[in-house]
Amino acid sequence: VQLQASGGGLVQAGGSLRLSCTASGSIGRVNRMAWYRQAPGKQREWVAYIDGDASGKYVDSVKGRFTISRDEGKNTVNLQMNSLRPEDTAVYYCNMITTRNYWGPGTQVTVSS
């Protein structure tokens with residue numbers, strides 16, 4: 001199983017980016033897909049997750065600005081990030097939980113002030 005993320009980049013504060021992550025391989029039942037991030041010098045933190053067709057859950061710092069969505073047929077999870085702030089700068093990782101825990105390689109998001 002492999003996860004491949006795309007959509008990171010450099011954006012000015014107040015701008016938007018959309019991250020996508022697609023899982024490939026012999027996946028089986030997916031229980032949860034999520035996004036985490038790790039800023040320089042900080043621990044990795046969860047940003048948002050989505051279970052099945054339920055609504056997403058978010059860390060307080062991104063509520064109202066980020067939206068997680070999932071395309072089960074394509075084993076894809078997206079993260080729409082609006083009103084970006086410099087403190088959102090981090091490497092973003094997608095995560096998928098089946099009977100195992102899988103991580104994507106990370107994609108850099110940089111928000112300039």
Side-chain angles (χ1 to χ4, degrees):
V1 175
Q2 289 189 327
L3 300 181
Q4 185 63 47
S6 61
L10 172 64
V11 66
Q12 288 188 332
S16 298
L17 284 173
R18 181 178 175 87
L19 305 182
S20 292
C21 177
T22 299
S24 61
S26 181
I27 297 169
R29 176 188 172 92
V30 177
N31 295 314
R32 174 174 293 183
M33 298 193 82
W35 288 95
Y36 286 69
R37 66 186 179 187
Q38 187 167 17
K42 294 187 177 181
Q43 290 188 333
R44 189 174 298 188
E45 65 170 352
W46 76 274
V47 176
Y49 69 84
I50 186 165
D51 295 339
D53 60 358
S55 58
K57 304 295 185 185
Y58 304 90
V59 67
D60 285 347
S61 60
V62 308
K63 283 181 180 177
R65 301 188 297 122
F66 290 11
T67 303
I68 190 170
S69 61
R70 180 178 165 185
D71 184 336
E72 292 190 48
K74 296 181 180 179
N75 289 316
T76 295
V77 62
N78 304 302
L79 187 68
Q80 178 65 42
M81 305 185 293
N82 299 328
S83 301
L84 283 161
R85 304 168 180 169
E87 54 263 39
D88 294 318
T89 295
V91 177
Y92 283 70
Y93 298 90
C94 62
N95 171 258
M96 180 176 72
I97 298 175
T98 59
T99 57
R100 297 180 62 181
N101 196 10
Y102 297 97
W103 291 93
T107 184
Q108 177 70 46
V109 171
T110 303
V111 185
S112 63
S113 57

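For clarity, every value in this text was computed on a predicted model and none was experimentally measured. In what follows, every heavy atom counts, from backbone to side chain, and hydrogens, waters and symmetry copies are set aside.
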For this session: Find the distance between CD (Gln4) and OG1 (Thr107) and round it off to the nearest 0.5 Å.
Result: 9.0 Å

For this session: Could you tell me which non-hydrogen atom of Val47 sits nearest to which non-hydrogen atom of Tyr36, and how far apart they are?
Result: CG2-C, 3.9 Å

Problem set entry | Arg32 to Tyr49, cation-pi by 6.0 Å centre distance and 45° axis angle | yes

Exercise. Looking only at atom types and distance, does a side-chain atom of Asp71 sit under 3.5 Å from a main-chain N or O of Lys74, one as donor and one as acceptor?
Worked result: yes

Exercise. Roughly how far apart are Tyr92 OH and Leu79 CG, rounded to 0.5 Å?
Worked result: 7.5 Å

Problem set entry | Side-chain donor-acceptor pair present, Thr110, Thr89, cut-off under 3.5 Å | no

Exercise. With sequence neighbours excluded, what pairs up with Asn75 under the side chain to side chain donor-acceptor pair (under 3.5 Å) test?
Worked result: none

Problem set entry | Pairs where residues 84-108 contributes a residue and the test salt bridge (Lys or Arg N to Asp or Glu O under 4.0 Å) is met, not counting sequence neighbours | Arg37-Asp88, Arg65-Asp88

Exercise. Under 4.5 Å between any side-chain heavy atoms of Val1 and Thr98, yes or no?
Worked result: no

Exercise. Distance-only, no hydrogens or angles: does the Tyr58 side chain make a donor-acceptor pair with backbone N or O of Ile68 under 3.5 Å?
Worked result: yes

Exercise. Can you tell me how far the SG atom of Cys21 sits from the CD atom of Gln2, to the nearest 0.5 Å?
Worked result: 11.0 Å

Problem set entry | Closest non-hydrogen atom pair between Gly104 and Tyr93, with its separation | O-CD2, 3.6 Å

Exercise. According to a 4.5 Å side-chain heavy-atom criterion applied to Ile, Leu, Val, Met, Phe, Trp and Tyr, with indirect links allowed, do Ile27 and Met33 form part of one hydrophobic cluster?
Worked result: yes

Exercise. Within the side chain of Asn95, is there an N or O that forms a donor-acceptor pair under 3.5 Å with the backbone of Trp103?
Worked result: no

For this session: Tell me yes or no: between the side chains of Gln80 and Asn78, is some donor less than 3.5 Å from an acceptor?
Result: no

